[in-house]
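A quick note: this is a predicted structure, and the numbers were derived from the prediction, not measured. No hydrogens, no waters, no symmetry mates; every other heavy atom, side chains included, goes into these values.
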Amino acid sequence: MPELPEVETIVRQLRPRLVGRTILGASVLWPRTLAGISARAFTTGLRGARIREVRRRGKFFVIALANGGRPAGHLVGHLRMSGRLVLAPRASEARSTHDRVRVKLDGQDLIFSDVRKFGRLWLTPRLERVLGSLGPEPLAPQFTAAWLAAGLRARARQLKPLLLDQRFLAGLGNIYVDEALHAARLHPLMRCDRVDAAGARRLHAAIRRVLAAAIRREGSSFDAFYRTPEGQPGRYQHQFRVYGRAGRPCRSCGAPIARLVVGQRGTHICPRCQRLSGGRRARSASSGR
DNA sequence: ATCCTATCCTGGCTGC
DNA sequence: TGCAGCCAGGATAGGA
């Protein structure tokens, strides 16, 4: 599913092809794709706008617009499970069955297509209304090991649901959380406030390393969903150490990878590399509440 | 504060 | 072979 590395790849490929161009209009084929705006208002709001910036925040893509040199709001999108962004030659009669919104540019359409219809688009003058509750960017300088350690200490949730919570940290999804937890040798069910300082440092480094490596390989594709705007699959799926590898040997220790369910999500761990730390002794000794 | 469940959707898979 | 039913999966809302 598109997580931070996939959205980053999409944004990097689209940026040079979109910045500076003018939007001529839009056609909305599945109105529920639009969040809090009618198809008419969406189309009217986009018409004549110039694209001044294309960037990413968490798993959202953000297209900043201008009109006559003045800021004219933001076209923001979330791909959720199966959304794609594609830049295709104008061919209004050749629309695919899964196209939900087509933004008309000179000679081309920027197509938001989405098999499962979970993806959403916003057009808003107040970017903060959409992105305001997001936690920090894991690749930004503000995301330090000390910040992470303090954040883990400050709550009492299971590690994996916390890392999936976009208000805590923006951009991780099911795949990269599983990969980062394995790289940090931490169990997804561990209570976050029981992670020690060394564990927090390992997790911080693992999150950054996994995300950077996935961006380098243009994201992960293991089903029919994620493709780059150029139509290519990502290549990071070949580097997976746990995700989707249930029953196969751990690449670190050889033990079979296990699949469990954590917070309603399929979760993959190496039961030998990732133990619920402490065991009986440490647990009873530290159970203050 | 945190957890749990339902909701939104469809294609692919399982089992009969 | 055909079909019904189940399931994944990100985010959010509402209830416990």
Inset, instruction - Let me know, please, whether A:Arg155 or A:Arg80 comes out on the 5' side of the other along DNA chain B by nearest nucleotide. - result: A:Arg155
Distance-only donor-acceptor hits, side chain of residues 37-47 of chain A, under 3.5 Å, sequence neighbours excluded:
unit_1  : atom_1 : unit_2  : atom_2 : d
A:Ser38 : OG     : A:Ala41 : N      : 3.0
A:Thr43 : OG1    : A:Ala39 : O      : 2.8
A:Thr44 : OG1    : A:Arg40 : O      : 2.7

Under 3.5 Å, which donor-acceptor pairs do the side chains of residues 262-269 of chain A form with other protein atoms, sequence neighbours left out?
unit_1   : atom_1 : unit_2   : atom_2 : d
A:Thr267 : OG1    : A:Lys160 : NZ     : 2.8
A:Thr267 : OG1    : A:Arg265 : O      : 2.9
A:His268 : ND1    : A:Asp178 : OD2    : 2.9
A:His268 : NE2    : A:Gly244 : N      : 3.4

Inset, instruction - Please list, by residue number, the residues of residues 226-246 of chain A whose heavy atoms come closer than 4.0 Å to an atom of DNA chain C; answer none if no residue qualifies. - result: A:Tyr243
Inset, instruction - Verify whether the ring centers belonging to A:Phe168 and A:Trp147 lie closer than 6.0 Å. - result: yes
Legend entry - Which residues share a side chain to side chain donor-acceptor pair (under 3.5 Å) with A:Arg12, sequence neighbours left out: A:Glu8
Inset, instruction - Check the distance between B:dA1's C1' and A:Phe168's CZ and give it to me in whole angstrom. - result: 15 Å
Inset, instruction - Go through residues 114-136 of chain A and report each residue with a non-hydrogen atom lying under 4.0 Å from DNA chain C, sorted by number. - result: A:Arg116, A:Phe118
Inset, instruction - List in chain and number order the residues that pass ring-ring contact (aromatic ring centres under 6.0 Å, His included) with A:His78, two or more places apart in sequence or in another chain; answer none if no residue qualifies. - result: A:Phe60
Inset, instruction - Please state how far atom CD in A:Gln264 lies from atom P in B:dT7, giving the value in whole angstrom units. - result: 14 Å
Inset, instruction - Grab the CZ-P distance between A:Arg100 and B:dC8 for me, whole Å please. - result: 16 Å
Inset, instruction - For A:Arg17, enumerate each residue passing the side chain to side chain donor-acceptor pair (under 3.5 Å) test, keeping only those at least two apart in sequence or located in another chain. - result: A:Glu230
Inset, instruction - Anything under 4.0 Å to a heavy atom of chain A counts; send over the first and last such nucleotide of DNA chain C, read 5' to 3'. - result: C:dA8 to C:dA11
Legend entry - Pairing residues for A:Ala205 by the side-chain contact (heavy atoms from CB on, under 4.5 Å) criterion, not counting sequence neighbours: A:Arg209
Legend entry - Atom-to-atom span, CG of A:Asp193 to P of B:dA1 - whole angstrom: 15 Å
Legend entry - Angle of first-five versus last-five pair axes in the helix from B:dT2-C:dA16 to B:dC16-C:dG2, to 10 degrees: 50°
Inset, instruction - Identify, with sequence neighbours excluded, every residue that meets ring-ring contact (aromatic ring centres under 6.0 Å, His included) alongside A:His74. - result: none
Inset, instruction - Using a heavy-atom cut-off of under 4.0 Å over every strand shown, decide if A:Arg157 touches base, sugar-phosphate, or nothing. - result: sugar-phosphate
Inset, instruction - List the steps and the verdict of side-chain hydrogen bond (donor to acceptor under 3.5 Å, both in side chains) for A:Tyr176 and A:Glu6. - result: CA-CA 11 Å; A:Tyr176 297 110; A:Glu6 289 75 25; 2.6 Å; yes
Legend entry - Whole angstrom value for the distance that separates C1' of B:dC3 from NZ of A:Lys160: 16 Å
Legend entry - For atom CZ of A:Arg153 and atom C1' of B:dA1, their distance in whole Å: 19 Å
Legend entry - Along DNA chain C (nearest heavy atom to each residue), the more 5'-positioned of A:Gly266 and A:Arg167: A:Gly266
Legend entry - Distance in angstrom units between A:Asp165 CG and B:dT2 C1', rounded: 11 Å
Inset, instruction - Return the minimal non-hydrogen interatomic distance between A:Leu164 and A:Gly173, and the atom names on each side. - result: CD2-C, 3.3 Å
Legend entry - ring-ring contact (aromatic ring centres under 6.0 Å, His included) against A:His182, all qualifying residues, sequence neighbours excluded: none
Legend entry - Carboxylate-amine/guanidinium proximity below 4.0 Å for A:Glu137 and A:Arg57: yes
Legend entry - Distance-minimising heavy-atom pair for A:Arg216 and A:Arg235: O-NH2, 3.5 Å
Legend entry - N-O pairing of A:Asp193 and A:Arg153 below 4.0 Å: no
